[in-house]
Amino acid sequence: MFSNLRRRDAEYLGEPIDQVTGLVIERVSGGALIRATGITATQGAYQVQLTPENEEEEAVDGVLTYRFEARSPETPTAVGTQRTRTVVAARQLSNKQLSEVRTIRVIAARNVRTTRRR
């Protein structure tokens with residue numbers, strides 16, 4: 001599973017979105033779901049994802065870090081309202097992956113959001 005995930009992420013051509021506005025960790029069967037909400041600089045973003053910064057998605061000093069990224073249209077688009085630029089990305093983690101995680105951090109171009117596990 002990880003080899004396919006890493007290959008897909010290596011080929012991904014997204015760029016950081018403008019801002020992370022929300023970060024929620026939801027318990028699900030067998031692990032948790034990381035759900036981030038953010039705002040892009042312009043309309044039309046697609047292939048929105050949380051791209052792992054940590055190799056093999058393993059925590060470093062208890063911190064698991066993701067880049068909040070999206071692809072932008074090749075032709076220029078309008079800035080539009082904040083509502084039209086809002087995007088959501090999620091990533092599921094197993095209990096095994098979470099076992100060493102104390103903090104989850106999501107990075108955008110202009111800010112960072114973190115949440116601590118209880």
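Put simply, OG on Ser72 and CD on Gln47 are 11.0 Å apart, with the number rounded to the nearest 0.5 Å. Distance check, rounded to the nearest 0.5 Å: CG of Asn111 to CG of Asp18 gives 8.0 Å. Taken to the nearest 0.5 Å, the CD atom of Glu58 stands 8.5 Å off from the NZ atom of Lys96. Here the CD atom belonging to Gln19 is positioned 12.5 Å from the OG1 atom belonging to Thr37, to the nearest 0.5 angstrom.
For the residue pair Tyr66 and Gln49, no side-chain donor N or O sits within less than 3.5 Å of a side-chain acceptor on the partner.
Between the side chain of Arg113 and the main chain of Thr21, a donor-acceptor pair closer than 3.5 Å is present. Side chain of Arg91 to main chain of Leu50: a donor-acceptor pair is present (N/O by atom type, distance under 3.5 Å, no hydrogens or angles). Side-chain atoms of Thr77 never come within 3.5 Å of backbone atoms of Pro73 as a donor-acceptor pair (strictly under, hydrogens ignored). For the pair Asn54 (side chain) and Thr65 (backbone), a donor-acceptor distance under 3.5 Å is present. The backbone N or O of Arg85 lies less than 3.5 Å from a partner atom in the side chain of Thr40, making a donor-acceptor pair. Not one N or O on the side chain of Arg110 forms a donor-acceptor pair closer than 3.5 Å with the backbone of Ile17.
A heavy-atom distance below 4.5 Å is found between the side chains of Phe68 and Val87. Taking 4.5 Å as the limit, some side-chain heavy atom of Val88 sits within range of a side-chain heavy atom of Arg35. Taking 4.5 Å as the limit, some side-chain heavy atom of Asn95 sits within range of a side-chain heavy atom of Arg27.
Heavy-atom contacts from other residues, nucleotides or ligands closer than 6.0 Å to CD of Gln43 number more than 12.
Under a 4.5 Å side-chain heavy-atom criterion applied to ILVMFWY residues, the cluster that includes Ile107 comprises Val112 as well.
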For the pair Gln92 and Val28, evaluate side-chain contact (heavy atoms from CB on, under 4.5 Å) and give the outcome as yes or no after the intermediate values.
CA-CA 9 Å; Gln92 186 170 352; Val28 295; 3.7 Å; yes

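Scanning all heavy atoms of the two residues, the minimum distance from Ile25 to Ala32 falls at CG2-CB, 3.9 Å. Nearest heavy atoms, Glu100 versus Ala59: O-CB, 3.7 Å. Taking all atoms of both residues into account, the shortest heavy-atom contact from Ala108 to Pro16 is C-CB, 4.3 Å.
By the criterion of side-chain heavy atoms lying less than 4.5 angstrom apart, applied directly or through intervening Ile, Leu, Val, Met, Phe, Trp or Tyr residues, Ile39 is not grouped with Val20; the two fall into different hydrophobic clusters. In the hydrophobic cluster analysis, where Ile, Leu, Val, Met, Phe, Trp and Tyr join through side-chain heavy atoms closer than 4.5 angstrom, Leu23 is grouped apart from Val63.
Each of Leu64, Thr114, Asp61, Thr115 was scored for a side-chain contact (heavy atoms from CB on, under 4.5 Å) with Thr103, with one residue passing: Thr114.
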